Chemist: 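Sharing a structure below in structure tokens format, with a few things to ask.
Not measured: the values here are computed from a predicted model. Every chain is numbered from 1, with letters handed out A, B, ... down the list of sequences.
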Protein chains: 2
Amino acid sequence: MSTLADVARLAGVGVGTASRAISGKGYVDVETKRRVLEAATALGYRRNAAARALRERRSHVVGLMLPDIHNEFYTASAAVLQSELDAAGYQLLVATTGNSVDGERHAWETMLDRQVDGVVHVPVDPDGAPPPGLPVVQLNRHTRTATATAVVSDDVAGVAELTRHLIDAGHSDLVALVGAPQLSTSTERASGFRQAAAAAGLVENAPEGPRCRVVATEFSADGGAEAMERIGHDLPGAVVALSSRLVMGVLRWAGARGVRIPDDLSLAGLGDPEWYALWQPGITTFAPPLAEMGRRAALELIARIGRTTAPPATTIRLAGEVKVRGSIRATARGGVTGGRS
Amino acid sequence: MSTLADVARLAGVGVGTASRAISGKGYVDVETKRRVLEAATALGYRRNAAARALRERRSHVVGLMLPDIHNEFYTASAAVLQSELDAAGYQLLVATTGNSVDGERHAWETMLDRQVDGVVHVPVDPDGAPPPGLPVVQLNRHTRTATATAVVSDDVAGVAELTRHLIDAGHSDLVALVGAPQLSTSTERASGFRQAAAAAGLVENAPEGPRCRVVATEFSADGGAEAMERIGHDLPGAVVALSSRLVMGVLRWAGARGVRIPDDLSLAGLGDPEWYALWQPGITTFAPPLAEMGRRAALELIARIGRTTAPPATTIRLAGEVKVRGSIRATARGGVTGGRS
DNA sequence: TTGAAAGCGTTACCAA
DNA sequence: TTGGTAACGCTTTCAA
């Protein structure tokens, strides 16, 4: 691998000049620059990133910390985040936290050791704080204490709209399935559900009559199946499974128990993996704007890097979209949409 | 951020000693080492990765080049690859090629600029060659010229087994859907299909009688739907869609055309995304051992890094598994499994 | 507009 | 076993 000194020698200039010609900062005569560039091409010169990072005190690398690479919910954001960052000249270092506090600490150490210029972080520990001084943007979830700017989906509004859709279809006995109550995603989704339910006069945990319930489990297929098993003796008319994994769990449970969707039970979901549309008759869902979230997170982070005074931590809420498909059945009790039965 | 010099000063030793104490290479008195480590902890010292990379001429970073982060086929391997690499002290730099030769070239430049120690690569250009001298392991696909070691699924055997399953169920009019013919995945999957079909006496492209066809399109849902549209006038008894995207395309097409699976058309797939099992009555498929492939790729790469003489390029073929579910209907014409109709 | 030279934080060599 | 010192390749003063 040839170095800048090689290029300078071949071009017949000093290293300083060569550096300026190549980086494009500082004065260089047009003709000199041409010669340097030519020499660089001839030698197949590539700037050494390590030397640059050492001298410039910035690595041009940003970290992405997420619970699990193999989860389409995160990768949907990661894909556009990556391309946005790439366009701005940053490389992406990926570390996974495995949804554990230990894993998260380990990932932070990795990031710090690598001198990343900033981090996009899907937080695990609701009370964790990012290392001071490092530009961090939280994605999807946010921690309790507002230590960093977060880019999230407006789940409250989205789930409320989804819930209203159920209510409009004539449902008055609703169950929402959420994950661990410490996660911001759990509480916000539950809150959207409760708001819409309360506004329609559904009473939480009422033994009968118009009612709604919130069941907390774990954001996984097993969690969803287990939760349905738990309430199986007292099934609602509709269940809102507030993550795609929970939807899978409900579907699995329904298949095993012979419960037909939407005939025996209406189902609404969250997220929009490709199979939602494929599954007959399609899962009605609230789809967070994952791509847009990734884009915004990248932009926010880039804006924060290199700035000495960190802008105040804010939460950026992006609106998603309710997608109506066939997993909800209009009841005889009839709502605005009328009954199909 | 404190430096090694700070640590050395606090511990009352020279930087050389401090370096040896911390890196654990070279002679250091036990007591001295303790003092250094203590000082390091007190100062919250972290080794500067850039300086280390510059001096050691290796970055402890490996690159992962894949077509698209948002594709569960690759992330299934990437997840275990990441954890394996992490355990060996390597960080993962991710670049996407977007399935284009240009994107691939750009990704290579990124990798070279970053001085990565090695690369795990899902090749796009079937004729491309990795930069000489850099340890590279190809994942999933391999290039035509055996320039690097590749870790792939034994698609020939797997697809042959899957095809035999169809034949055993009494099918004698088969279509296989594959992607671009330059990709090794396309040719190997097609070859497994042809082998099994020929062994059962199916004639390729025969106008009637026991026959089989191979239709090349693009590895995408649109490609699958378009291919089905193209052959819709002359439907086979069963179609083998040789990627999960193609399966989606077939399913979408079937939904739109009112073709029932498996009643009107049997379907077999490849890969095993979570929704295969969920989709009623389940997609019968050949599932490549993605996790194991990721693990092996990581191990092979680690073994190659730091070794001066590159071991010869070999292709490591890992066996996958055929998963039988409900998307194949036994025909009246009856095979060993007998007909359900 | 240019060249020389001083670091950036490590590791590795060498003499003590 | 230790400390001093010379690189590693680059950017960035500073004088010329």
Side-chain angles (χ1 to χ4, degrees), chain A residues 1-40 43-61 89 91 109 112-117 305-306, chain B residues 1-40 43-61 89 91 109 112-117 133 306:
Chain A
M1 206 81 265
S2 50
T3 72
L4 191 56
D6 299 331
V7 175
R9 201 174 312 123
L10 181 60
V13 300
V15 286
T17 307
S19 172
R20 267 164 305 182
I22 284 171
S23 65
K25 348 181 155 176
Y27 295 115
V28 192
D29 183 86
V30 155
E31 165 58 15
T32 312
K33 181 167 184 172
R34 199 192 52 69
R35 282 223 315 286
V36 172
L37 261 23
E38 198 174 282
L43 259 32
Y45 169 74
R46 314 249 49 158
R47 266 147 117 177
N48 183 314
R52 214 148 85 90
L54 180 58
R55 178 64 231 226
E56 280 186 71
R57 313 175 133 279
R58 51 186 299 209
S59 57
H60 297 271
V61 169
Q91 264 73 66
E109 286 175 1
L112 260 16
D113 282 4
R114 278 292 153 202
Q115 293 24 82
V116 295
D117 292 341
I305 291 175
Chain B
M1 206 81 263
S2 50
T3 72
L4 191 57
D6 299 330
V7 175
R9 200 174 314 122
L10 181 59
V13 299
V15 284
T17 308
S19 173
R20 267 167 286 147
I22 285 172
S23 65
K25 350 181 153 174
Y27 295 115
V28 192
D29 183 88
V30 152
E31 165 58 14
T32 312
K33 182 165 184 174
R34 201 193 51 70
R35 280 223 317 286
V36 173
L37 262 23
E38 196 174 283
L43 258 33
Y45 169 75
R46 315 245 50 155
R47 270 148 116 180
N48 183 314
R52 216 148 86 88
L54 179 58
R55 181 64 234 224
E56 282 186 67
R57 313 176 132 279
R58 52 185 299 208
S59 57
H60 298 272
V61 169
Q91 264 72 67
E109 287 175 0
L112 260 16
D113 283 4
R114 278 293 154 202
Q115 273 56 56
V116 295
D117 293 341

Chemist: Please state how far atom CG in B/L4 lies from atom P in D/dT2, giving the value in whole angstrom units.
Modeler: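 Distance check: B/L4 CG to D/dT2 P gives 15 Å.
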
Chemist: Going by heavy atoms in the side chains, are A/V61 and B/R114 under 4.5 Å from each other?
Modeler: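 When only atoms from C-beta onward are counted, B/R114 and A/V61 do touch, with a gap below 4.5 Å.
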
Chemist: Return yes if some donor-acceptor pair links the side-chain N/O of A/R35 with the main-chain N/O of A/E31 below 3.5 Å, else return no.
Modeler: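 Checked: no pair found.
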
Chemist: On a heavy-atom basis, which atom in B/V36 and which in B/A11 lie closest, and how many Å separate them?
Modeler: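 What the structure gives for the nearest pair is CA-CB, 3.9 Å.
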
Chemist: Over all strands shown, is A/R58 touching base, sugar-phosphate only, or nothing at heavy-atom distances under 4.0 angstrom?
Modeler: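 The residue A/R58 makes no contact with any strand.
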
Chemist: Rounding to a whole Å, what distance do you find between A/R46:CZ and D/dC8:P?
Modeler: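 In whole Å, D/dC8 P lies 21 Å from A/R46 CZ.
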
Chemist: Nearest whole Å is fine: how far is C/dC8 P from A/R47 CZ?
Modeler: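 So the two atoms are 21 Å apart, to the nearest Å.
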
Chemist: Can you identify which nucleotide, out of D/dT1, C/dT2, C/dA12, has its nearest atom closest to the B/K25 side chain?
Modeler: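 Closest nucleotide among those given: C/dA12.
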
Chemist: Looking at B/T17, does any N or O in its side chain come under 4.0 Å of the phosphate oxygens OP1/OP2 on D/dG3?
Modeler: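 Looking at the OP1 and OP2 atoms of D/dG3, one of them is under 4.0 Å from a side-chain N or O of B/T17.
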
Chemist: Taking atom P of D/dT13 as reference, at what distance in whole Å does atom CD of A/E56 sit?
Modeler: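 About 12 Å, once rounded to whole Å.
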
Chemist: From the options D/dT2, C/dT10, C/dG3, select the nucleotide whose nearest atom is closest to the side chain of B/N48.
Modeler: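 The closest nucleotide is C/dT10.
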
Chemist: Among A/V7, A/D6, A/L10, whose side chain to side chain contact (heavy atoms under 4.5 Å, CB included) with A/Y45 holds?
Modeler: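 So, applying the side chain to side chain contact (heavy atoms under 4.5 Å, CB included) to A/Y45 and each of A/V7, A/D6, A/L10, only A/V7 qualifies.
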
Chemist: Please determine whether a side-chain nitrogen or oxygen atom of B/S19 lies at a distance below 4.0 Å from atom OP1 or OP2 of C/dT11.
Modeler: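 Yes, within the criterion.
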
Chemist: With the side chain of A/R55 defined as its heavy atoms from C-beta on, choose the nearest nucleotide among D/dC10, D/dA7, C/dT2.
Modeler: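 Between D/dC10, D/dA7, C/dT2, the one nearest the side chain of A/R55 would be D/dC10.
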
Chemist: Please check: side-chain N/O of B/Q115 versus main-chain N/O of A/A49, any donor-acceptor pairing under 3.5 Å?
Modeler: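 Checking the backbone N and O of A/A49 against the side chain of B/Q115, a donor-acceptor pair under 3.5 Å is found.
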
Chemist: Side chain of A/R20 only, heavy atoms from C-beta on: which candidate in C/dG3, D/dG3, C/dT11 is closest?
Modeler: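 Looking only at side-chain atoms, A/R20 lies closest to C/dG3.
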
Chemist: Classify the nucleic acid contact of B/V13 as base, sugar-phosphate or nothing, counting any heavy atom under 4.0 Å across all strands shown.
Modeler: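 Touches sugar-phosphate only.
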
Chemist: From CD of A/Q115 over to C1' of D/dC10, roughly how many Å is that when rounded to an integer?
Modeler: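 Atom CD in A/Q115 sits about 16 Å away from atom C1' in D/dC10.
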
Chemist: Just compare D/dT2, D/dT11, C/dT10 and give me whichever is closest to any side-chain atom of A/R52.
Modeler: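 Looking only at side-chain atoms, A/R52 lies closest to D/dT11.
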
Chemist: Base, sugar-phosphate, or nothing for B/R57, non-hydrogen atoms under 4.0 angstrom?
Modeler: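 Sugar-phosphate, backbone atoms only, no base.
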
Chemist: Give one of base, sugar-phosphate or nothing for B/T3, where a contact means two heavy atoms less than 4.0 Å apart.
Modeler: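 Sugar-phosphate contact only - B/T3 comes under 4.0 Å of backbone atoms but never of a base.
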
Chemist: Report the nucleotide, chosen from D/dT11, C/dT11, C/dT1, that has the shortest atom-to-atom distance to any side-chain atom of A/D29.
Modeler: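 Selected nucleotide (nearest to the side chain): C/dT1.
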
Chemist: Side chain of A/L54 only, heavy atoms from C-beta on: which candidate in C/dG9, C/dT1, D/dT1 is closest?
Modeler: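 In terms of side-chain proximity for A/L54, the closest of C/dG9, C/dT1, D/dT1 is C/dG9.
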
Chemist: Just how far, in rounded Å, is P of D/dG4 from CZ of B/R9?
Modeler: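 So the two atoms are 12 Å apart, to the nearest Å.
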
Chemist: Toward the 5' end of DNA chain D, which comes first, A/M1 or B/V28, by nearest nucleotide?
Modeler: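 Checking each residue's closest nucleotide, the 5'-ward one belongs to B/V28.
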
Chemist: Select one nucleotide: of D/dT11, C/dT11, C/dT1, the one nearest the side-chain heavy atoms of A/Y27.
Modeler: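 Ranking D/dT11, C/dT11, C/dT1 by closest atom to the A/Y27 side chain puts C/dT1 first.
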
Chemist: Check whether any side-chain heavy atom of A/R20 lies under 4.5 Å from a side-chain heavy atom of A/T17, and answer yes or no.
Modeler: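 The answer is yes, as the side chains (C-beta and beyond) meet within the 4.5 Å cut-off.
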
